[in-house]
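Everything quoted here is computed from the prediction, not taken from an experiment.
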Amino acid sequence: MRPRLPSHPNPLILVGGVAAVAALLFGIVQVSGTSAPGSVQLAHETTTVPTPTSLPSAYAGSTPDGDPGRDAAKSLASAAEAAGSTVPTATPTDPVTEQPESDGRTGSGLAVGAPTDITAPVGFEVRRRITTAVANIPNRTSNAKFAASMRKLTADSPDFVLLNEVSKRSMETILAKAPGYDGYRDPAPDQTLGGNQSMNNVVVWRDRKWDLLDAGRVKLVDDDTGYSGGKKFTWDRYATWTMLQRRDGAIVSVVSTHMMTNPARFPRQHGKPTMTRVQRYGAGMDVLVETVRTLAAHGPVLVGGDMNSHPNQGAWSAAPKMAAAGFTYTKDRGVMYLFAQDSTRLKETREMRIASDHPALVTTIGMRRTGPTPAEPTDPTDPTEPTEPTS
């Protein structure tokens with residue numbers, strides 16, 4: 001015999017019915033073309049993305065009133081309370097370590113000048129060591145030799161790899177030769193005179209350790225006119241910048257650049273330029289320094305690349321310009337540099353043979369709490385938090 005149904009409706013069945021009706025109404029609203037709160041309208045589709053309900057301490061209290069994500073969270077909590085249950089919610093002061101990733105800027109760096117807006121929080125002082133490889137792998141390099149060079153550069157899992165003269169290769173090709181890494185360069189080439197240099201510089205990072213916050217390209221030099229092998233050239237010069245966040249919350253900016261061919265050795269120009277090549281180089285370094293200062297407001301900055309100058313050539317050259325901005329450097333026997341702020345400490349640097357007319361430069365730096373704001377307190381007994389020597 002069948003069991004008799006209870007004479008009073010089950011409250012769970014009522015709650016389930018209410019939920020089903022709500023889901024049906026939500027579906028009708030979606031079909032009618034109205035987006036749910038906290039969603040982003042894309043071309044021809046609506047994608048619902050989670051809206052964070054907590055912010056880092058540096059951002060605490062900065063969320064504007066009427067935030068649709070926050071309103072949606074409140075509505076959900078009210079509905080749950082009416083149904084006799086609770087939904088845990090975060091407060092605006094809850095610490096958040098990681099920030100949403102950015103896809104970078106498309107079509108940036110088309111005019112000379114430093115970036116004026118950065119989409120990222122202000123980070124804390126950065127601890128622990130960071131290893132960076134800097135390499136110029138010319139476009140003329142064969143595919144096999146390029147692949148072999150990338151294997152060598154990534155074999156010891158450096159945090160960052162800064163590449164120059166790789167405009168011939170797509171980002172897909174570069175990253176295919178660097179498993180475990182992600183990378184960035186502005187995807188839109190500069191179509192103006194001299195813009196064939198705009199895709200030369202790439203920043204690559206370990207994707208299990210770092211996330212992209214913001215990125216872009218900066219034009220340092222416009223219409224540098226000179227001679228190479230007796231032939232005229234007009235080349236602009238650029239820097240690719242990335243702002244990255246480590247999984248422990250540390251924010252570091254990394255800049256890959258390739259400066260003008262040495263103007264002291266090759267001063268000759270064509271046309272009717274208004275500046276000498278030395279003056280143009282110095283002005284380009286001024287833009288790079290301004291870029292670095294903008295980025296440094298958010299966290300430590302590393303700058304590397306083929307600088308095409310030597311420290312003793314004059315105040316216009318790369319090393320004196322960066323020293324005046326508070327940066328020290330390590331370099332190879334030629335013109336490959338890595339710059340870091342004076343407060344950091346060089347741990348190790350070495351040259352590596354790759355398929356290039358320049359050796360790669362691989363450098364490990366102790367960050368020594370470098371950064372714009374004091375570090376968050378950590379548990380001194382935590383074995384995963386090594387500290388750097390104070391001297």
Which is it for Thr173 and Ser170 under the side chain to side chain donor-acceptor pair (under 3.5 Å) test, yes or no, and what are the steps along the way? CA-CA 5 Å; Thr173 297; Ser170 68; 3.0 Å; yes

For a salt bridge (charged side-chain N to carboxylate O under 4.0 Å, His left out) check, start with the C-alpha distance between Arg105 and Asp214, then their side-chain angles and the critical distance, and finish with the verdict.
CA-CA 8 Å; Arg105 319 291 177 86; Asp214 203 0; 2.6 Å; yes

Checking Arg237, Arg185, Arg217, Gln191 against Ser198 for side chain to side chain contact (heavy atoms under 4.5 Å, CB included), the one that qualifies is Arg217

Taking the six-membered ring of Phe160 as reference, does the NZ or CZ atom of Arg206 fall below 6.0 Å from its centre and within a 45° cone about the axis? no

Evaluate the side-chain proximity of Leu220 to Thr257: yes if any heavy-atom separation is below 4.5 Å, no if none is. yes

Answer whether the closest heavy-atom distance between the side chains of His310 and Asn262 falls below 4.5 Å.
yes

> So, does Asp186 use its side chain to make a donor-acceptor pair with the main chain of Ser108 at under 3.5 Å?
Replying inline: yes

The reported gap from CG in Asp306 to CG in Asn136 (rounded to nearest 0.5 angstrom) is 5.0 Å

ask   = Does the pair Asp357/Arg140 count as a salt bridge with the N-to-O cut at 4.0 Å?
value = yes

Going by distance alone, is a donor N or O of one side chain under 3.5 Å from an acceptor N or O of the other, for Thr349 and Thr363? yes

One should read off an interatomic distance between Asn200 CG and Trp235 CH2, to the nearest 0.5 angstrom, of 9.5 Å

Closest non-hydrogen atoms of Ala318 and Ser309, given as atom of the first, atom of the second and distance, are N-OG, 3.3 Å

Q) Side chains of Asp224 and Pro263: does their closest heavy-atom pair fall under 4.5 Å? A) no

Quick note, ring pair (Phe, Tyr, Trp, His ring centres under 6.0 Å) partners involving residues 247-298, not counting sequence neighbours, are Tyr227-His270, Tyr281-Trp316

Taking the six-membered ring for Trp and the full ring for Phe, Tyr or His, determine whether the centres of Phe339 and Tyr337 are under 6.0 Å apart. yes

Verify the ring-centre separation between Trp205 and Tyr184: is it less than 6.0 angstrom?
-> no

Query - Side-chain heavy atoms of Lys331 within contact of Met307, under 4.5 Å - result: no

ask   = Do the side chains of Val202 and Trp210 join up, straight or via other hydrophobic residues, at under 4.5 Å, putting them in one cluster?
value = no

Practice prompt. Ignoring hydrogens and angles, state whether a donor on the side chain of Asp156 or Thr131 is under 3.5 Å from an acceptor on the partner side chain.
Written response: no

With a 4.5 Å heavy-atom cut-off, do Arg369 and Val126 have their side chains touching? no

inquiry  = Is there a side-chain contact between Leu163 and Ile137 in this structure, where contact means two heavy atoms from C-beta onward sitting under 4.5 Å apart?
reply    = yes

> With the threshold set at 4.0 Å, does a side-chain nitrogen-carboxylate oxygen contact exist between Asp159 and Arg129?
Replying inline: no

Less than 3.5 Å apart, any donor N or O on the side chain of Thr234 or Thr225 sitting next to an acceptor on the other? no

